[in-house]
Number of protein chains: 2
Amino acid sequence: MARQDGPSPRTTLRRGASRAVYETDAVRSILDAGVIAHVGVITDDGPIVLPMAYGVRGDGEDAEVLIHGAVANAMMRAGRELDVCVTVTIVDGLVLARTPFHNSMNYRSVVVRGTAHAIDAPDDKLTALQIINDHVAPTWDTARPPSTTDVKKTLVLAVPLAEASAKVRAGDPVDEDIDMDGPHWAGVVPLTSTWGDAQPAGDLRGAPSIPAVVTALAGRDAHQQTRPE
Amino acid sequence: MARQDGPSPRTTLRRGASRAVYETDAVRSILDAGVIAHVGVITDDGPIVLPMAYGVRGDGEDAEVLIHGAVANAMMRAGRELDVCVTVTIVDGLVLARTPFHNSMNYRSVVVRGTAHAIDAPDDKLTALQIINDHVAPTWDTARPPSTTDVKKTLVLAVPLAEASAKVRAGDPVDEDIDMDGPHWAGVVPLTSTWGDAQPAGDLRGAPSIPAVVTALAGRDAHQQTRPE
C-alpha cells in the first residue's frame with residue numbers, strides 16, 4: 001500500500017475511528033481470510049452491489065485485489081471510468097448489550113476504493129485467474145487447464161490496495177454505567193463458518209480422486225488466517 | 001412488491017438469467033435468512049459499500065428493507081438524493097468443476113435497488129429499530145428499552161422492496177462434454193455458518209439469566225429459513 005502514515009481522505013472513517021486500523025497487515029490478513037467480496041459500481045440507475053469471487057496479488061505498494069467474470073463484463077460495457085468499491089466482510093459474532101442501542105456485531109472488514117483496470121496480457125491474465133481461483137482452495141493445478149478461448153472470454157480487473165482500510169470489532173459489548181447493575185444479560189454469540197465434506201458431482205464418471213486441497217477443507221474454519229503473517 | 005410480472009429494467013440481470021428468480025417469496029426468504037447486508041451508495045469519491053445490520057418489514061407491495069446507524073448518518077450528511085443498493089448474500093458452498101473456468105459458488109442473494117427514505121415518526125422509528133434488532137435474535141423485549149435520546153440519535157432508513165431481485169445457484173457444477181470422461185474430480189464443498197454458545201460479558205455483575213432466544217441460537221445454522229413460508 002502506498003501509505004504507511006494513514007488512510008487517504010476518502011477511506012478515513014468519520015465515526016468509529018477507534019475501530020479503524022490502517023495497517024497493511026490487517027488489510028491483507030482480512031482479505032486472505034474472506035470468501036467473497038461485495039463489489040459496488042455506479043450505473044445510470046444508481047449504485048449496484050454484487051457478490052463476487054476475488055483474489056489478492058502482490059505485496060506492499062503493488063498489492064491489488066483481483067475480480068473477474070460476467071459481472072465485470074457488464075461493468076465494463078457501461079463504458080465509464082470504473083470507480084469501484086470492493087468490500088470484504090467476515091462476521092465473527094453477535095454482540096448483545098444490556099440495551100439494544102449498544103448491540104453490535106464482531107466483524108473484520110476491508111473496504112477497497114479505487115479505479116479498476118483490466119488485465120489484458122494473456123500470461124498476466126492467466127496468472128490472475130489462477131490467483132482468484134485458488135483464493136479459497138488451490139484447485140487450479142489439479143483441474144483441466146482453461147483453454148485460450150476460456151481465458152479470452154473472461155474479463156479480469158485489478159484494483160490497487162493503495163486506498164484500502166480495515167475495520168475490526170472484537171470482544172464484549174460496551175454498555176453504559178447506569179446499566180451495569182441492572183438485571184440485563186450481556187455477551188457475545190460467536191459465528192463460525194465451516195467447510196463441509198466434499199460432495200462428488202452426481203455425473204462423475206470413473207473414480208477420479210478428490211484433490212488433497214479439497215479434502216483438507218473439511219471441517220476447516222472458512223475464515224481462518226491462511227497466509228503467514 | 002409492486003410487480004408480479006417480472007423485474008424492473010434496472011434489476012434485470014443481463015447474464016445468468018436462468019439463475020434469476022423474481023418471486024416475492026424467494027426475495028423474502030433470502031432476506032430472512034441473511035445476517036448482514038452490504039449497502040452501496042454514491043459519494044463524490046465514487047461508490048462505497050459498507051456492511052450493515054438490517055431488517056425487513058411489511059408484506060407484498062409495502063415490504064421494505066430497513067437499515068440504520070452511524071453509517072446511515074454519514075450517508076445522509078452527503079446531502080444527496082439517496083439512491084442505494086442493499087445486497088444480502090449467503091454463500092452455501094464452493095462449486096468445483098473439472099476445469100476452473102466452470103468453478104462457481106452456490107449462493108443465495110438478493111439485490112434491492114431503490115431510493116431510501118428516513119423514518120422520522122418516533123413510534124414508527126422505534127418499531128423499525130426493533131425489527132432490525134430482532135432480525136437475527138429477538139432480544140429487544142428482554143433488554144433495557146432504548147431511551148428517547150438513543151432513538152433520536154439513530155437514523156433509520158427504509159428501502160422499498162419493489163425493485164428487488166433474487167439470484168440462487170444450487171447443486172453440482174456444470175461441465176463441458178469434452179471433460180466428462182477426463183481424469184478430473186468435480187463436486188461441491190458445502191459451507192455452513194453456525195452460531196456458537198453464548199459467552200457472557202466479562203463485566204457481567206450478579207447472575208442475570210441468558211435470554212431464551214440467545215440460548216436457542218447455539219448450534220443453529222445462521223442461514224436457515226426462520227420465517228414461515
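All figures in this text were calculated on a predicted structure; none of them were measured in a lab. Per chain, numbering begins at 1; letters A, B, ... match sequence-line order.
- B/Pro47 and A/Val41 get closest at one heavy-atom pair: CG-CA, 4.1 Å.
- Both the backbone and the side chain of B/Leu94 come within contact range of chain A, each with at least one heavy atom under 4.5 Å from a heavy atom of that chain.
- Ranking A/Pro100, A/Gly187, A/Gly206 against chain B, the residue ahead of the rest is A/Pro100, based on heavy-atom pairs under 4.5 Å.
- Of the listed residues A/Ala186, A/Ala53, A/Ala198, the one with more heavy-atom pairs under 4.5 angstrom with chain B than any other is A/Ala186.
- Ranked by heavy-atom pairs under 4.5 Å with chain B, the first of A/Ile36, A/Asp203, A/Val95 is A/Asp203.
- Side-chain contact between A/Thr192 and B/Ser193: absent, with no pair of heavy atoms (C-beta onward) separated by less than 4.5 Å.
- Using a 4.5 Å heavy-atom threshold, the side chains of A/Val111 and B/Val49 count as separate.
- When all heavy atoms are compared, the tightest approach of B/Pro211 to A/Trp185 is CD-CB, 3.8 Å.
- The contact between B/Ser209 and chain A is made entirely by backbone atoms, counting heavy-atom distances below 4.5 Å.
- Neither the backbone nor the side chain of B/Asp175 comes within less than 4.5 Å of any heavy atom in chain A.
- In this structure, NE2 on A/His102 lies 6.5 Å from CZ on B/Arg144, to the nearest 0.5 angstrom.
- When each of A/Val136, A/Val188, A/Val214, A/Val86 is checked for heavy-atom pairs under 4.5 Å with chain B, A/Val188 comes out on top.
- Per-residue counts of heavy-atom pairs under 4.5 Å with chain B were compared for A/Val91, A/Asp179, A/Leu129, A/Asn103; the largest is that of A/Asp179.
- Interatomic distance, CD1 of B/Ile42 versus CD1 of A/Ile42, reported as 4.5 Å (0.5 Å rounding).
- Looking only at distances, no side-chain donor or acceptor of B/Asp150 sits under 3.5 Å from a matching main-chain atom of A/Phe101.
- Heavy-atom distances place both the backbone and the side chain of B/Leu204 under 4.5 Å from chain A.
- Counting heavy atoms from C-beta outward, A/Leu50 and B/His38 have side chains that stay 4.5 Å or more apart.
- Only the backbone of B/Pro183 comes within contact range of chain A, judged by heavy atoms closer than 4.5 Å.
- When heavy atoms are compared at a cutoff of 4.5 Å, B/Val35 approaches chain A by way of both its backbone and its side chain.
- For the set B/Asp134, B/Asp172, B/Val189, B/Leu191, the entry with the most heavy-atom pairs within less than 4.5 Å of chain A is B/Leu191.
- The greatest number of non-hydrogen atom pairs below 4.5 Å with chain B, out of A/Ala222, A/Ala218, A/Ala137, A/Gly196, is found for A/Gly196.
- Rounded to the nearest 0.5 Å, atoms CH2 (A/Trp140) and OG1 (B/Thr99) are 7.5 Å apart.
- Heavy atoms closer than 4.5 Å to chain A are found in both the backbone and the side chain of B/Thr194.
- If you measure heavy-atom distances from B/Ile90 to chain A, you find no contacts under 4.5 Å at all.
- Residues B/Thr43 and A/Arg113 form a side-chain contact, since some pair of their non-hydrogen atoms from C-beta on lies under 4.5 Å apart.
- Looking at B/Pro190 and A/Trp195, their side chains never come closer than 4.5 Å, going by heavy atoms from C-beta outward.
- Looking at A/Leu217, the atoms closer than 4.5 Å to chain B (heavy atoms on both sides) all sit in the side chain, from C-beta outward.
- B/Thr142 has its side chain out of reach of A/His184: every pair of non-hydrogen atoms, C-beta onward, lies at least 4.5 Å apart.
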